[in-house]
Peer 1: 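I have a structure here, written as structure tokens, and I will follow up with some questions on it.
In what follows, every heavy atom counts, from backbone to side chain, and hydrogens, waters and symmetry copies are set aside. Here, residue 1 is the first one in the sequence, and each next residue gets the next number. Bear in mind the structure is a predicted one, so any value in this text is a computation, not a measurement.
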Amino acid sequence: QVHVAESGGGLVQTGDSLRLSCAVSGRPSSNYAMAWFRQAPGKEREFVAVITWSGRALYADSVKDRFTMSRDNAMNMAYLQMNGLKPEDTAIYYCATDGVQRRDLVLFLRLESKYDYWGQGTQVTVSS
């Protein structure tokens, strides 16, 4: 059984940095895309970033140049380094992993429906 768990959220001030972690257990993660989504209060969940099994990455325009996603396949981990945080980044951040091996089309992988396994989320709050 695949289990996904996020950590690293917290309360920070505008301009601060945070690093979110995503741990996957139950299977090796190296052949699967991993992604971050977020849901702000009163809004629908939205795509943040994805990194494919081959290392291709795509970011939402709202976080491009501020957020960086990476992965450590040996540790079955993914990370989201968030710099220059803004109040509009306040949300619950969810990690998700693909159920199909070696999918590499990053535009396709922006969609929530492509992910089979999700974590419970970690809260990020950015105060102004």
Side-chain angles (χ1 to χ4, degrees):
Q1 185 176 358
V2 179
H3 182 68
V4 180
E6 307 92 340
S7 60
L11 172 63
V12 297
Q13 295 185 331
T14 297
D16 284 352
S17 298
L18 270 179
R19 187 196 195 206
L20 304 183
S21 299
C22 173
V24 177
S25 59
R27 70 166 192 208
S29 63
S30 58
N31 283 340
Y32 300 90
M34 298 181 74
W36 289 96
F37 291 79
R38 67 185 181 185
Q39 187 167 22
K43 295 187 177 181
E44 294 188 352
R45 190 156 57 184
E46 65 176 3
F47 168 77
V48 175
V50 60
I51 188 166
T52 68
W53 71 277
S54 65
R56 296 183 67 192
L58 180 71
Y59 300 92
D61 288 343
S62 59
V63 306
K64 196 180 300 184
D65 299 326
R66 298 188 298 123
F67 291 10
T68 302
M69 186 172 182
S70 60
R71 63 190 298 163
D72 182 339
N73 290 332
M75 298 296 291
N76 276 5
M77 298 286 294
Y79 305 96
L80 186 68
Q81 178 66 44
M82 305 186 295
N83 298 329
L85 283 162
K86 305 175 181 180
E88 50 263 46
D89 295 318
T90 295
I92 299 174
Y93 283 71
Y94 297 91
C95 180
T97 187
D98 200 349
V100 177
Q101 295 191 60
R102 301 197 172 194
R103 291 206 284 202
D104 211 32
L105 297 175
V106 288
L107 292 178
F108 177 83
L109 290 168
R110 292 179 304 169
L111 305 174
E112 286 188 49
S113 60
K114 304 309 174 188
Y115 295 91
D116 295 300
Y117 305 102
W118 292 80
Q120 294 296 311
T122 186
Q123 176 71 48
V124 172
T125 303
V126 185
S127 64
S128 56

Peer 1: Under a 4.5 Å side-chain heavy-atom rule over Ile, Leu, Val, Met, Phe, Trp and Tyr, are Val4 and Val50 clustered together?
Peer 2: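 No, it is not one cluster - the side chains of Val4 and Val50 are not joined through contacts under 4.5 Å.
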Peer 1: Counting neighbours of CD on Gln101 that are heavy atoms of other residues, nucleotides or ligands and sit closer than 6.0 Å, is the number greater than 12?
Peer 2: yes
Peer 1: State whether a side-chain donor-acceptor pair under 3.5 Å links Arg27 with Thr97.
Peer 2: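 Per modelled atom types, Arg27 and Thr97 side chains form a pair under 3.5 Å.
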Peer 1: Taking the side chain as every heavy atom from C-beta outward, state whether Val63 and Arg38 have any pair of such atoms under 4.5 Å apart.
Peer 2: yes
Peer 1: Can you find a pair of side-chain heavy atoms, one from Gln81 and one from Ser70, that are under 4.5 Å apart?
Peer 2: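 They are not in contact (no side-chain heavy atoms under 4.5 Å apart), so the answer is no.
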Peer 1: Counting C-beta onward and ignoring hydrogens, is there a side-chain heavy-atom pair between Val106 and Thr52 closer than 4.5 Å?
Peer 2: yes
Peer 1: Please tell me if the side chains of Tyr32 and Trp53 come closer than 4.5 Å, counting only heavy atoms from C-beta onward.
Peer 2: no
Peer 1: Hey, are Lys64 and Asp61 close enough for a salt bridge, meaning a charged N less than 4.0 Å from a carboxylate O?
Peer 2: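 Yes.
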Peer 1: Mind checking whether Leu20 and Thr122 have side chains closer than 4.5 Å, heavy atoms only?
Peer 2: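 Of all side-chain heavy-atom pairs linking Thr122 with Leu20, at least one is under 4.5 Å.
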Peer 1: Do Glu88 and Thr90 meet the criterion of a side-chain donor-acceptor pair at a distance under 3.5 Å?
Peer 2: no
Peer 1: Are any non-hydrogen side-chain atoms of Trp118 and Glu112 less than 4.5 angstrom apart?
Peer 2: yes
Peer 1: Could you check whether Arg71 makes a cation-pi contact with Tyr79, meaning its NZ or CZ is under 6.0 Å from the centre of the six-membered ring and within 45° of the ring axis?
Peer 2: no
Peer 1: Using side-chain heavy atoms (C-beta onward) and a distance below 4.5 Å, is Val126 in contact with Gln13?
Peer 2: no
Peer 1: Is there a continuous path of hydrophobic side-chain contacts, each under 4.5 Å between heavy atoms, that joins Met82 to Ile51?
Peer 2: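 Yes; tracing contacts between hydrophobic side chains, which count when under 4.5 Å, links both residues.
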Peer 1: Can you confirm whether or not the ring centre of Phe47 sits under 6.0 Å from the ring centre of Tyr59?
Peer 2: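 No: the rings miss the under 6.0 Å criterion.
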Peer 1: Is the positively charged end of Arg103 above the ring of Phe108, judged by distance under 6.0 angstrom from the centroid and angle within 45° of the axis?
Peer 2: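 So Arg103 doesn't make the cation-pi contact.
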Peer 1: Just say parallel, tilted or perpendicular for the rings of Phe37 and Tyr115, cut-offs at 30° and 60°.
Peer 2: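 Taking Tyr115 first and then Phe37, their aromatic rings stand perpendicular (interplane angle over 60°).
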